[in-house]
Amino acid sequence: MTPFRETVLAIVAQIPEGRVTSYGAVAAMAGQPRAARGVGWILNHLPADTDLPWWRVVNRDGGLSTYKLPGGMGPLQRARLEAEGVELDEGVQVRDQRFWWEPWRSDR
DNA sequence: AGACTGACTCCAA
DNA sequence: GTTGGAGCCAGTC
């Protein structure tokens, strides 16, 4: 049994460049559709020097949840995404669903 | 040991 | 369509 945390990290690491997905989607892929909160906790506690593309994980509305955190991570996440070609609306939300990465789901 | 908290999401009323 | 409650993971009090 791979710990939930390890599974989540592995999934996030597989998100293609220039694409985003949601906490719930990651949790669902990890086998627990309701553990979005756990995913959020895990990402919030990532080491500062992690290679993990945590900026490709947003909430289910395409919004950057990092904007509610201290440390100016919000703008940082936006900059990371834009640098990969993801277009954002008002700097807080993914503009188009074509940037979405949810291989198991087609309606978003 | 029990309760509370947080980058969230789903379901029922 | 909006509101409220429940569920999940890991850490802290």
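The chains referred to below are lettered A, B, ... by the order of the sequence lines, with proteins before strands, and numbering in each begins at 1.
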**Q.** Residue closer to the 5' end of DNA chain C, A:Arg37 versus A:Arg5 (nearest nucleotide)
**A.**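 Nearest-nucleotide comparison on DNA chain C picks A:Arg37.
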Value in whole Å for how far the [atom2] atom of [N] lies from [atom1] of [X]:
{"X": "A:Leu43", "N": "C:dC8", "atom1": "CG", "atom2": "C1'", "value": "14 Å"}
{"X": "A:Leu46", "N": "B:dA7", "atom1": "CG", "atom2": "P", "value": "14 Å"}
{"X": "A:Asn44", "N": "C:dC8", "atom1": "CG", "atom2": "P", "value": "21 Å"}
{"X": "A:Tyr23", "N": "B:dG6", "atom1": "OH", "atom2": "P", "value": "15 Å"}
{"X": "A:Ile15", "N": "B:dA7", "atom1": "CD1", "atom2": "C1'", "value": "13 Å"}
{"X": "A:Met29", "N": "B:dT9", "atom1": "CE", "atom2": "P", "value": "13 Å"}
{"X": "A:Tyr67", "N": "B:dC8", "atom1": "OH", "atom2": "C1'", "value": "19 Å"}

| task | Verify the contact: side-chain N or O of A:Gln32 to OP1 or OP2 of C:dC9, cut-off strictly under 4.0 Å; return yes or no. | result |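 Answer is yes, contact under 4.0 Å.
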Can you tell me if A:Lys68 touches the phosphate of B:dG6, counting only side-chain N or O atoms and a distance under 4.0 Å to OP1 or OP2?
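For A:Lys68, the contact criterion (side-chain N or O under 4.0 Å from OP1 or OP2 of B:dG6) is not met.
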Practice item. Write down the partner of C:dG4 under the Watson-Crick or G-U wobble criteria, each distance required to be under 3.5 Å. Key: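 With both distances under 3.5 Å, C:dG4 matches B:dC11.
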Are side-chain heavy atoms of [X] and [Y] found at a separation under 4.5 Å?
{"X": "A:Val20", "Y": "A:Ile15", "value": "no"}
{"X": "A:Asn59", "Y": "A:Tyr23", "value": "yes"}
{"X": "A:Glu87", "Y": "A:Asp96", "value": "no"}
{"X": "A:Met73", "Y": "A:Arg78", "value": "no"}

- Message: Between A:Trp55 and A:Glu84, is there a side-chain donor-acceptor contact under 3.5 Å, judged purely by atom types and distance?
- Response: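 There is such a pair (donor and acceptor under 3.5 Å, judged by atom type) between the side chains of A:Glu84 and A:Trp55.
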Out of [options], which nucleotide sits closest to the side chain of [X]?
{"X": "A:Ser65", "options": "B:dG6, B:dA7, C:dA10", "value": "B:dA7"}
{"X": "A:Trp41", "options": "C:dG11, B:dT9, B:dC11", "value": "C:dG11"}
{"X": "A:Arg34", "options": "B:dA7, C:dA10, C:dG7", "value": "C:dG7"}

### Sugar-phosphate only, base, or nothing, as touched by A:Asn59 at under 4.0 Å among non-hydrogen atoms
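It contacts sugar-phosphate atoms only.
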Base, sugar-phosphate, or nothing for A:Phe4, non-hydrogen atoms under 4.0 angstrom?
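Sugar-phosphate: the residue A:Phe4, judged by heavy atoms under 4.0 Å, touches backbone atoms but no base.
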Review point. Taking the C1' atom of each, how far is C:dT3 from B:dA7, in whole Å?
Key: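 That atom pair is separated by 23 Å.
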| How far, in whole Å, is C:dG1 from B:dC8 if one measures between their P atoms? |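 That atom pair is separated by 24 Å.
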